[in-house]
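Data first, discussion second: the structure below is written as structure tokens.
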Amino acid sequence: MIETKTDIKITKTVKSRIDEVDFNQLKFGAIFSDHMYQLDYKDGQWLNPQITPFGNMEFSPAMSGLHYGQGVFEGLKAFRYNDGKINVFRAEDHYKRFTRSCDRVSIPEMDKNLFLDGLYTLIDIDRQWVPSEKYKSLYIRPFVFATDNFLGVRSSRTFRFLIITSPVGNYYEEGLKPVSLTTMPDYVRAVKGGVGNAKVPGNYAASIYPAEQAKAQGYTQVLWLDACEKKYIEEVGTMNIFFVIDNVLITPALSGSILEGVTRKTVLKVAKDLGYDAEERPISIDEVMDASENGTLQEAFGTGTAAVISPVGKIHHADHNIEINNREIGPVVKKIYNHITGMHHGDVKESYGWCHVY
Ligand SMILES: *Cc1c(COP(=O)(O)O)cnc(C)c1O
């Protein structure tokens, strides 16, 4: 058992479910490891951190979180090194973003130790659930929601925080296969001043219908444009986006309606380390369509913890279709992907303190 500053009450499961799991057939987010971490906010404090067997919870139908969506979530991953050790990737950055998201929706902040000690202890207890094969991982889902049994609209005075974990394979069953995108002029994901830069459930609820429409039209995901001018590119599906134009990596600057992805930050840093120029700036859909026309658009890809990197092979916008790099994975994305997944599994050293290895 690892030593922590937090006194966590631990109740272990009587019988592990791990023997029922086929680690060669992992669907994203469908199987959950033996234990979960939880604590409650009451009387102005986060109280009673505990690890218990994963299981159902009981709540009142009047629980405010169900009605008004006051909640926040995170997603990060733990990877296995060849020597058996576990690497939790950029946990502090995910904690910081969790805190920022909580601030935006009036959820009381949680002390860093309560968050990270619980997370590291939980994964230590469920160590054998971290897959050993490369590109597989243990997906970690911290989340919090309002628990007052009250239908009036105000900030809840009680909350529950949990961390659950799920062993996962490659996010896309086909692996790193380029996806196709379409803009959706009738819908927007987020507006400046709203909650687009916070990781809250409502953003996802709003994106599901347009995503289904895009799928029905034969595209994998929606390419989101800004809500005001419908001109600047913001995100793709639930990922950040990068373009390679004239050998320069470009990702939209954080505008207030874009979620600041940890993978986005990783890619910006790694790209520079690998000798590429990388820019954060507004980029319009017209610039991308023009770059395709004049042959300077080399690659495009989405970034996010779940998929890590997702190459884009096709974009549809305003009756025009463009194909990128013959719908094949490009050399830049491949190099960056290999570097980052190398860090995940310990084959590539990093000196930024991103890896918590134990
Ligand atoms: C979580 C998320 C991302 C990706 O963030 P990562 O920290 O890289 O996982 C991008 N866009 C949206 C809308 C998200 O919710």
Side-chain angles (χ1 to χ4, degrees), residues 28-29 69 71-79 88-102 104-105 115 119 137-144 163 165-166 168 170-172 179 181 184 187-192 194-211 214 220-227 232-242 249 251-271 278 280 300-310 312 333 336-337 339-341 343-344 352 354-355:
F28 186 89
V72 165
F73 68 99
E74 265 303 324
L76 64 160
K77 279 177 169 176
F79 303 88
V88 186
F89 195 66
R90 301 201 74 167
E92 298 231 357
D93 295 275
H94 286 278
Y95 164 74
K96 282 182 199 153
R97 185 174 64 193
F98 178 77
T99 302
R100 289 199 300 274
S101 299
C102 284
R104 177 63 185 82
V105 292
F115 186 101
L119 196 157
S137 60
L138 188 71
Y139 184 77
I140 305 163
R141 167 55 58 87
F143 61 109
V144 61
I163 303 178
T165 69
S166 171
V168 298
N170 257 346
Y171 189 74
Y172 297 103
V179 297
L181 313 179
M184 285 295 235
Y187 301 98
V188 297
R189 193 193 79 88
V191 293
K192 202 170 166 176
V195 290
N197 56 356
K199 212 164 174 75
V200 298
N203 287 333
Y204 281 65
S207 74
I208 288 171
Y209 180 77
T220 326
Q221 305 220 326
V222 179
L223 181 61
W224 298 106
L225 301 181
D226 77 280
Y232 294 100
I233 294 171
E234 299 227 308
E235 298 202 46
V236 48
T238 56
M239 289 182 285
N240 296 112
I241 189 156
F242 283 78
L249 277 94
T251 192
L254 299 173
S255 59
S257 51
I258 292 173
L259 199 277
E260 185 177 6
V262 175
T263 318
R264 175 185 179 277
K265 285 203 283 189
T266 303
V267 168
L268 282 167
K269 198 74 147 184
V270 164
E280 296 172 76
F301 56 96
T303 66
T305 295
V308 185
I309 273 174
S310 181
V312 174
V333 75
I336 291 173
Y337 180 74
H339 200 84
I340 295 174
T341 51
M343 285 176 173
H344 289 160
Y352 299 117
W354 290 345
C355 300

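Computed from a predicted structure; not experimentally measured. Ligands are counted one by one from 1 in listed order, and the atoms in each one are counted from 1 as well. We use all heavy atoms of the structure for the numbers below, so side chains are in, but hydrogens, waters and symmetry mates are not.
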Are Glu235 and Arg189 ion-paired here, with the side-chain N under 4.0 Å from a carboxylate O? yes
Original post:
Any salt bridge between Glu74 and Arg97, counting N to O under 4.0 Å?
Top reply: yes
What atoms of ligand 1 come within less than 4.0 Å of a heavy atom belonging to [X]?
X: Thr238; result: 2 (C), 3 (C), 10 (C), 11 (N), 12 (C), 14 (C)
X: Thr305; result: 6 (P), 7 (O), 8 (O), 9 (O)
X: Val262; result: 6 (P), 7 (O), 8 (O)
X: Gly261; result: 5 (O), 6 (P), 7 (O), 8 (O)
X: Gly304; result: 4 (C), 8 (O), 9 (O)

Considering heavy atoms of the protein only, find what lies nearest to [atom] and give residue, atom and distance to 0.1 Å.
atom: atom 2 (C) of ligand 1; answer: Lys199 NZ, 2.6 Å
atom: atom 15 (O) of ligand 1; answer: Tyr204 OH, 2.5 Å
atom: atom 13 (C) of ligand 1; answer: Arg189 NH1, 3.3 Å
atom: atom 11 (N) of ligand 1; answer: Glu235 OE1, 2.5 Å
atom: atom 8 (O) of ligand 1; answer: Thr263 OG1, 2.6 Å

- Residue pair His94 / Leu119, side-chain heavy-atom distance below 4.5 Å: no
- prompt: Is the shortest heavy-atom distance from the side chain of His344 to the side chain of Ser137 under 4.5 Å?
  reply: no
- request: Please state whether Arg97 comes within less than 4.0 angstrom of ligand 1, counting heavy atoms only.
  value: yes
Just say parallel, tilted or perpendicular for the rings of Phe242 and Phe301, cut-offs at 30° and 60°.
parallel
Per salt bridge (charged side-chain N to carboxylate O under 4.0 Å, His left out), Asp93 is matched among Lys265, Arg100, Arg264 by Lys265
Q: Before giving the answer on ring pair (Phe, Tyr, Trp, His ring centres under 6.0 Å), spell out for Phe73 and Tyr204 the whole-Å C-alpha distance, their side-chain angles and the decisive distance to 0.1 Å.
A: CA-CA 11 Å; Phe73 68 99; Tyr204 281 65; 5.2 Å; yes
query = Under 3.5 Å, N or O to N or O, is His94 touching ligand 1 that way?
reply = no
When rounded to the nearest 0.5 Å, the distance separating CE of Met184 from CG of Leu223 is 11.5 Å
